[in-house]
Amino acid sequence: FSSSLQGSSLAHPHPLTELTRVVKPNYHPAMTSTMALTGNSSAQFGSSMQDGLVGLPILALALAVWLVDRHSRGGELTPACGGNFLRNLGPELAALMAVALLAAMLLGKGDHNGVHEIPSEDHQVWESITNEWQILTTADSLIGLQAMLRVLLLSSAVLRFRQAEKSPLASEPAAFLLLAALARTATLVLSPPDIYHLDGPLGGMLNIIVEALAIPLLLRLSLSAFKQSMTRIAVCLVAAVAAAVVAKFNRLALADAGDEYLDVLFSASELLELLGAGAFLLRSICTNNVGSFCTFAHLVLPLQQFLGAYFMLFSWGLEPFLEVPQLVGAGHPLLLLQASGLVEVGFYLIALAIYLGNCVPEKDALHPELTQHLEV
């Protein structure tokens, strides 16, 4: 962002320390004092949380191995998960290549496409940041790539709606992700040019347009959520309100005085993404639908959320799971954002593991006649 992250260059005039103006680690002596201000208790808490959360990918891998072994030893993947996957999703793979080429072209140019110009006095800071993120130019490019992948996946879902409406992405997960997209877009629209907008090649109006495009696509996917029972709708509403309350008491301090709602919207968008990932995992457990779009969604979602999680972990100028007091408006926003990002990746990886297990038919289903003969 343009505010106070390691990979973003420029901040608005803010009545905090110099840390909020330049956010490259070790660039200012203020970072050393910030490390001391975090305190031993925060470091120990962050370390224990980190140890617990980084085990989620290992758990997902172990679950995938167990499910595949449980279903069949030597069974073949169903057509939707095997060779037919590449043939059926030709348009999506072509679009993925186009998005990759567009991103590579913009990143290769390395221009600053943010909504505000870089002041001449900050050119040295910009060069220092681009030297550290030599491929991405800035850490903001991670969020830009995430938004592009999101729109690609959602476009595929709308174009293949008959498959998508039976997938774990439809209904409640899409509703939570819709609320998150609304919060993100509102944050961009209502923020001044130097707050919460992305810097670098994938920032500026390009990012605003891509984020806004996700809203109608998610609205189409989430309509079925309103056809559910009143109990399920009430649970979703309570969860969304709870996310907003938690965001209010765990927010950053990037916005100007009087605009703290922007910080709340930012935290709320991440928490709503977490609820969407949790709902996606629950629907993956409860359903065993297998199809080309389901395969595509289960593969793209972990990658998409990994980009955001990496940004949250390594763009603040400190080790992960350490608070920066100058950036804290209330509660523990950095711990919340980083932990929720990792949990989202873990949820999607576990859902992928379950899906891969469903892609392998059970051994008994492969040889029904042999099974019947043995039972006799």
Inset, instruction - Specify the closest pair of heavy atoms between Leu153 and Ala297, including all atoms of both residues, with the distance to one decimal. - result: CD1-CA, 3.7 Å

Legend entry - Test item: Leu322 and Leu334 side chains (from C-beta on) under 4.5 Å apart, heavy atoms: no

Legend entry - Minimum-distance pair of heavy atoms, taken over all atoms of Leu271 and Ala247: CD1-N, 3.8 Å

Inset, instruction - Could I get the full list of side chain to side chain contact (heavy atoms under 4.5 Å, CB included) partners for Val99, not counting sequence neighbours? - result: Met148

Inset, instruction - Give the C-alpha distance, both sets of side-chain angles, the deciding distance and a yes or no for side-chain contact (heavy atoms from CB on, under 4.5 Å) between Asp263 and Tyr196. - result: CA-CA 9 Å; Asp263 300 318; Tyr196 285 117; 2.5 Å; yes

Could you go through residues 164-182 and list every donor-acceptor pair under 3.5 Å that involves a side-chain atom there, pairing it with any protein atom two or more places apart or in another chain?
{"residue": "Ser167", "atom": "OG", "partner": "Ala164", "partner atom": "O", "Å": "2.6"}
{"residue": "Ser167", "atom": "OG", "partner": "Leu169", "partner atom": "N", "Å": "3.4"}
{"residue": "Ser171", "atom": "OG", "partner": "Gln228", "partner atom": "NE2", "Å": "3.3"}
{"residue": "Glu172", "atom": "OE1", "partner": "Arg232", "partner atom": "NH2", "Å": "3.2"}
{"residue": "Glu172", "atom": "OE2", "partner": "Arg232", "partner atom": "NE", "Å": "2.8"}
{"residue": "Glu172", "atom": "OE2", "partner": "Arg232", "partner atom": "NH2", "Å": "2.6"}

Inset, instruction - Answer whether the closest heavy-atom distance between the side chains of Ile208 and Leu198 falls below 4.5 Å. - result: no

Inset, instruction - Evaluate the side-chain proximity of Leu106 to Leu102: yes if any heavy-atom separation is below 4.5 Å, no if none is. - result: yes

Legend entry - Which atom of Ile143 lies closest to which atom of Asn207, heavy atoms considered: O-ND2, 4.4 Å

Inset, instruction - Could you tell me whether the side chain of Leu221 reaches within less than 4.5 Å of the side chain of Leu217, counting heavy atoms only? - result: no

Legend entry - Minimum-distance pair of heavy atoms, taken over all atoms of Ala243 and Leu275: CB-CD1, 4.0 Å

Inset, instruction - Decide yes or no for His197 and Ser191: does some side-chain heavy atom of the first lie under 4.5 Å from some side-chain heavy atom of the second? - result: yes

Legend entry - Backbone N/O of Leu219 and side chain of Ser222: donor-acceptor pair under 3.5 Å: yes

Inset, instruction - Determine the minimum heavy-atom distance between Leu281 and Phe347, stating which atoms define it. - result: CD2-CD2, 3.7 Å

Inset, instruction - Write down the atom of Glu211, the atom of Ala147, and the distance for their closest heavy-atom approach. - result: OE2-CB, 3.6 Å

Legend entry - Electrostatic pair Lys248:Glu260 at N-O distance under 4.0 angstrom: no

Legend entry - Spacing of Ser267 atom OG and Leu272 atom CG [to the nearest 0.5 Å]: 11.0 Å

Inset, instruction - Carefully, step by step, assess Phe280 and His298 under the rule ring pair (Phe, Tyr, Trp, His ring centres under 6.0 Å). - result: CA-CA 10 Å; Phe280 184 89; His298 280 88; 5.0 Å; yes

Legend entry - From Leu96 atom CG to Phe296 atom CZ, the distance as rounded to the nearest 0.5 Å: 6.0 Å

